[in-house]
Each structure stands twice: as structure tokens, then as C-alpha cells.
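Just below is one structure, and these are the notes that go with it.
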Amino acid sequence: MITFPKPDVEQFLRTFSIADFAVSPDEKHLVFSTNLSGKYNLWGMDLPNSFPYPLTSIDQSCQGLIYDKKSRFIIAGFDQDGNENTQFYGVPLNGGTMKEIVNHENTRNFMPKLSNDSKKLYYTTSRGNPSFLNSYCLDLESGQERLVLKGKDAATYLFGFSPDEETLLYYKHFANTYTLLYAKKGNEDILLTPPTEKQHTVNDGVFVSDSMIYLLTDYDSDFTYLASYNLGTNKFCKVKELKNESFTAITYSKENQLLYITSQKGVEDQLYEINLQNENWRNIPVPCSVINKLEVAASGTLYLFGMSATKPHNIYKNTSDEWVSLTKYTVPGVDSNELVEPDIITYPSFDGREIESLFFRAKKENDNGEVIFWPHGGPQAAERKFFRASFQFFLNNGYSIFAPNFRGSTGYGLEFMKMVEGDWGNGPRLDNVAGLDWLIDQGHAQKGNILLMGGSFGGYMALLLHGRHADYFKAVVDIFGPSNLISFINSVPEDWKPVMDQWVGNPEKDKEKLIEFSPITYLESMIKPMLVIQGANDPRVVKEESDQIVQALKDKGRDVDYMLLENEGHGFSKKENEIAVYQKILSFLKRFTAVTEKV
């Protein structure tokens, strides 16, 4: 009998991902951004066939993906090696030479929208107004463009328009917990939620006629619900609310007069359908735990892109309430029984607040007794039941993973989400410490023997926990985490800067607090072995954030290793980089774990 070796990092991290997808209006073609070749490119499928073929070979991530309304071409946005300066191109349906549509050096472009006749492209850009943004309408035939929306007071994004294209829909982003939706008709700007001094958000909105808009908001509520606004009567109305669920996205099927709404409840998503004719409401079972995107074709057919803790990204089609997977992404060479579903647990924090967490426990035959503590990124995001190839790789190598949704996480109401604002280094830190204590009290780990790893805000929290609570850990991995909140605030993209006072703090007014909350303040306490990983092109957490703390620790003679990725931004867009990173992390953890075992 032939025996085969244990799956290695290549097998787990050769699990391919999907970043976005779109379906042509005639449903004869589907395009998706995937790293099937090892780097992100656009791939197409001629429906109903599901065999993909490459459309581009530029090896860049896609941000913004739409079809011409007559299914003749595709509009797609690409940046350069993670710098997030997205530019827009026309792509032939069968691939080939792309046509430059919007390309202005060192600008950030967002949210392309085609007019109903596909002759005009609407988009939002940092060009000319880097802090608050402007929106333009570009005539694709003449190349002439006109300013349709000038941002002021907050980053302002063109979101959509009415069927007759006479009324624009746009939102202002004052903070992640304070976004307002407006309708603009001529020179009139109409706020679509009632005036109030209490901050709230509007997540999404859609026209169902020239005068009726449905929107998702938490106005006067802790969780986001469905509301409507009638431009004819200027009347706002709450339509549907579910207990402890936040509606996250809304899609309209004009032909069937149906609204489809995705909803987040803790670590999982739900999908609902509401019939606007009879107001019937029903839950639609979905084939995944997390819904990344939903599209509704003119025929009423649903297309969904989603994933679960043990199922990678896939695109599904719904016919007669049955989901068919159009893509077949799995973990290569690894049986699904070898993958780990997380337990959902809660624990009390320092103030009695319950913190929901995911606990991935390594299978008994693999368990090496080690626990990785993983504070998530964001921070106004959440660890959810989505697929992380790296998690399954570490689990298969014996490492259990504990991932808490500390205060500031999404999915638990607006009040909970706001608790991180201006308090990055206190409440969330203490929630994480309570999670560490829970692991120890329950017998899952020993103090001083826990591995700590996080990315982005999770990298910041890993650094801060190391600096302030080093006695819990034996090794630390920071993946592009801010180390100095003052320099971080001053280096983020210009359209982020207006939100920083509320989100993090003001470098002058809050200087003492920001110093207290900055990991670099606690260099003396950072005594455990560290691995720091950084993308050279990262526009969110710039290279200098990692440079300064690595150099400061090296000056003190600390055990710190630094891995700089020259062609990456805030994440891993190239498969060889992702594999190299996690090989490096595993080698780092094994080195230290092996030392512990010998002792």
C-alpha cells in the first residue's frame, strides 16, 4: 500500500481565492477576479459552461467590476502591486488588449457605474480633491467628462442613480459609524434619514423607481434595518427590522419586484427576500456561512459569491431554490474531513460584557498543544466563519487558534462598534486580555506559553499586547500592524484623514493618549521573539510603521526578524508571497515550539 506524506504549506496555500465577480446582463458570460494562475487576473466563463479561461495576464488585483448593459464589454479597475491607486480599463469579453478608460497617475478611483445606455461612466476619484473626493461622468464616446458631485466635509462617494438618471444617490463617510445617504436632484440635496445629532450609518441603498429608495440604516436603532424614502413625499419609513441582526447589502430585481437583503448576525450571514407587491418576507438558505456578494440577473436568477470556515471562495447560481456551484475551489489534496470548523464561544470581559469568539481546535491526531491567539484586523470588522487557508494550515500542523470579536467588531450593533473609537489601546486590549485569561482558566493554554499573531489592526494589537502583557506569550508575529499611532495617523491615504480624529484620535489634542496607546512606547517590555511582515507598497499601514519598531528593537538587541515584501500592499495578492510568508511564520513558530518542547 502506498502511503503519502502529510499535506504541506503548498497544498493549503494553493487554495485559490476569488476577489470579485460579475454576470453579464444576458447571463451568457461570467467574469471573476481570481489568483488561479498564482497572481490575480480576470477569468471568464461562457455560461452555462463552467470551465474558466483567462481574460487578462497583468497579474494585478481588481477593484470594481461591471458589465456593459448590452453584454458587449467589461469595465474593471486595477491597481499596481497593492498601492490601491485604482485605474479603470475596458476589457473585451473574451480577453485581449485592454483599453484605458480612466488613468490619472497617483489617484485613487472608486465605484464605477455605467449609465443605462452604457455610453457614460460615473466614478468617484481623489483627483483634485484628495480628502473629500469628487465624482465625474465620463462620455465614453467623446472622452469628455463633467463634474457631477464635489465632495466636502467628508469623503463623498457617488453610489448610484435613479432609473431616469435625473437623481444621484451618494453618501458621506464621516466615520465607519457615521455615514449619511443623500439624493441629489438638480441643485437640491436631500438627506434620506431624519435629521438628528446622534451618529448613525446607512450601509446601502437602491432605487426601485424614480422616486422610491430603499436603504439600510441604523438610524435610531442599534442594529441596521430596512427603511424606505419617498422623494415625492419626503417621507422616511422603517420597513423591516430583525433582532440582533444587521442588514449589510441590498439588491433589487426590477422584473420580479423583489428585494434581496444580506444580513450579518455575529459570525454568520443570512439572505432574505422581500416581495414589494405583497410585503411577504422569507429566508433563503445559502450554501455558505459568509456572503461576499450577491447579484440578481434580469431573469431573477441569483448569483452568490461566498465561503465558510472549511469551504473556500466559490460562486453559486440559484435555480428553483437550489444552489449550483459554478466554481469548484477546494483545498488541493486535502479531504474536507481534515479541515476544522470553529466552536462559537463567549466569555466575560473586564466589565462583564460578553465577547463572542471563534475557537478553532486542532484535531486530536494533529494537536501539538499550542494555541495561537489571533486579534482580527479592522478594527471595525470581525472574525467570522470565513475561509482562511492559513488557519487550516496551522490547524493541520497542530496549532489551535482563538479569535475573539472584541469591542469595536461589527455584527454586534452600532454601540459595540463605536467602543473602539478613540480607544484603540484600552477597551479592546482588555477584551483580548480577558480572552487570554479565559483560555488559561479553561485549561486550553498556560500563561507564558501562548503564541500571538495578527494582521493590520490585529498586528497593532499583537504589538501592544506584547508591549503591555508580554508575560502571556512566548513568541509574536506582527503582519503590517501600526506601531506608532501618531505617525500612522499622519501617513494614511488623504481620504482617510478626515475620519482619523474620531476613529483613532487627534495627534495634537490627544497626543498623550496616542502615545499611551502606541506599541512603540513599550519597547522595554517587548522581550519575546518577534517576526514582523510588511508590504513595501502598503498605503494604509506604510512601511515606516514596521521599519521604526524593527529598528528600535534591533537597537536594543532583541530577537526580531523582518520580512519585507517589495511587490505587495496591505495583504498578499501574489501566491508565491503568501506561501513564503506562511512558510516563514511556521518556521518561526516551530523554532520556538521546538525549544519549549526540549525544555
Side-chain angles (χ1 to χ4, degrees), residues 12-13 15-19 223-224 242-249 261-272 283-294 304-316 323 325 327 329-331 334-347 354-363 371-396 399-413 416-417 431-432 435 438-439 444 453-458 571:
F12 283 90
L13 296 177
T15 305
F16 302 115
S17 299
I18 299 171
F223 288 83
T224 305
L242 295 178
K243 185 178 180 180
N244 295 335
E245 288 191 41
S246 281
F247 296 159
T248 52
I261 297 169
T262 57
S263 174
Q264 180 181 354
K265 187 174 183 178
V267 297
E268 295 183 300
D269 285 341
Q270 303 290 325
L271 176 61
Y272 299 100
N283 177 273
I284 301 176
V286 293
C288 53
S289 298
V290 176
I291 301 170
N292 297 89
K293 184 178 181 179
L294 180 75
L304 181 151
F305 153 44
M307 56 181 166
S308 302
T310 57
K311 293 169 64 176
H313 296 95
N314 276 294
I315 300 170
Y316 303 87
W323 293 97
S325 183
T327 55
Y329 285 178
T330 60
V331 182
V334 178
D335 189 274
S336 60
N337 293 326
E338 297 182 61
L339 304 178
V340 175
E341 281 282 348
D343 295 327
I344 303 173
I345 67 100
T346 59
Y347 64 86
E354 290 292 314
I355 304 298
E356 187 170 67
S357 307
L358 292 180
F359 192 10
F360 295 80
R361 305 172 196 247
K363 291 182 179 293
V371 176
I372 296 172
F373 190 86
W374 172 268
H376 66 71
Q380 288 163 324
E383 195 61 41
R384 314 187 64 222
K385 280 191 174 180
F386 41 54
F387 184 82
R388 289 187 187 271
S390 59
F391 274 26
Q392 296 298 333
F393 168 66
F394 288 124
L395 288 158
N396 197 260
Y399 298 87
S400 295
I401 302 169
F402 187 81
N405 281 332
F406 44 83
R407 64 194 65 204
S409 300
T410 57
Y412 306 95
F416 191 81
M417 188 177 172
D431 286 345
N432 281 293
W438 182 89
L439 283 169
H444 300 299
M453 177 167 60
S456 194
F457 179 87

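Owing to the predicted nature of the structure, the values given are computational and were not obtained by experimental measurement.
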In the structure I gave you, are the side-chain heavy atoms of [X] and [Y] within less than 4.5 Å of one another anywhere?
X: Ser325; Y: Trp323; result: no
X: Phe386; Y: Cys288; result: no
X: Phe12; Y: Leu339; result: yes
X: Tyr329; Y: Thr15; result: no
X: Phe359; Y: Pro342; result: no
X: Arg384; Y: Asp269; result: yes
X: Phe247; Y: Leu242; result: yes

Return the [atom1] to [atom2] distance between [X] and [Y], rounded to the nearest 0.5 Å.
X: Leu358; Y: Asn405; atom1: CG; atom2: CG; value: 6.5 Å
X: Tyr399; Y: Phe393; atom1: OH; atom2: CZ; value: 8.5 Å
X: Thr262; Y: Leu294; atom1: OG1; atom2: CG; value: 7.0 Å
X: Ile315; Y: Thr327; atom1: CD1; atom2: OG1; value: 5.0 Å
X: Thr410; Y: Gln380; atom1: OG1; atom2: CD; value: 8.5 Å
X: Asn314; Y: Met307; atom1: CG; atom2: CE; value: 11.0 Å

- prompt: Does NZ in Lys265 sit with more than 12 non-hydrogen atoms of other residues, nucleotides or ligands closer than 6.0 Å?
  reply: no
- prompt: Lys311: what forms a salt bridge (Lys or Arg N to Asp or Glu O under 4.0 Å) with it, not counting sequence neighbours?
  reply: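 Once residues adjacent in sequence are excluded, Lys311 has no partner under the salt bridge (Lys or Arg N to Asp or Glu O under 4.0 Å) criterion.
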query: Residues two or more places apart in sequence or in another chain: which of them pass salt bridge (Lys or Arg N to Asp or Glu O under 4.0 Å) with Arg407?
result: Asp351, Asp431
query: When you measure from the side chain of Asp335 to the backbone N and O of Asn337, does any donor-acceptor pair fall under 3.5 Å?
result: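 Yes.
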field: Polar side chain donor-acceptor pair, Ser400 to His444, under 3.5 angstrom
entry: no
Side-chain donor-acceptor contact under 3.5 Å, Gln264 with Thr248: no
Do you know the tightest heavy-atom contact between [X] and [Y]?
X: Gln270; Y: Asn283; answer: OE1-ND2, 3.1 Å
X: Met453; Y: Phe394; answer: CE-CE1, 3.6 Å
X: Leu13; Y: Ala389; answer: CD2-CB, 3.8 Å
X: Ile344; Y: Glu356; answer: CG2-OE2, 3.4 Å
X: Val267; Y: Val290; answer: O-CG2, 4.3 Å
X: Thr310; Y: Gln392; answer: CG2-NE2, 4.1 Å

Check: [X] ring centre within less than 6.0 Å of [Y] ring centre:
X: Phe402; Y: Trp438; answer: yes
X: Phe406; Y: Phe457; answer: yes
X: His313; Y: Phe387; answer: no

field: Worked verdict on Trp374 versus Phe391 for ring pair (Phe, Tyr, Trp, His ring centres under 6.0 Å)
entry: CA-CA 10 Å; Trp374 172 268; Phe391 274 26; 5.4 Å; yes
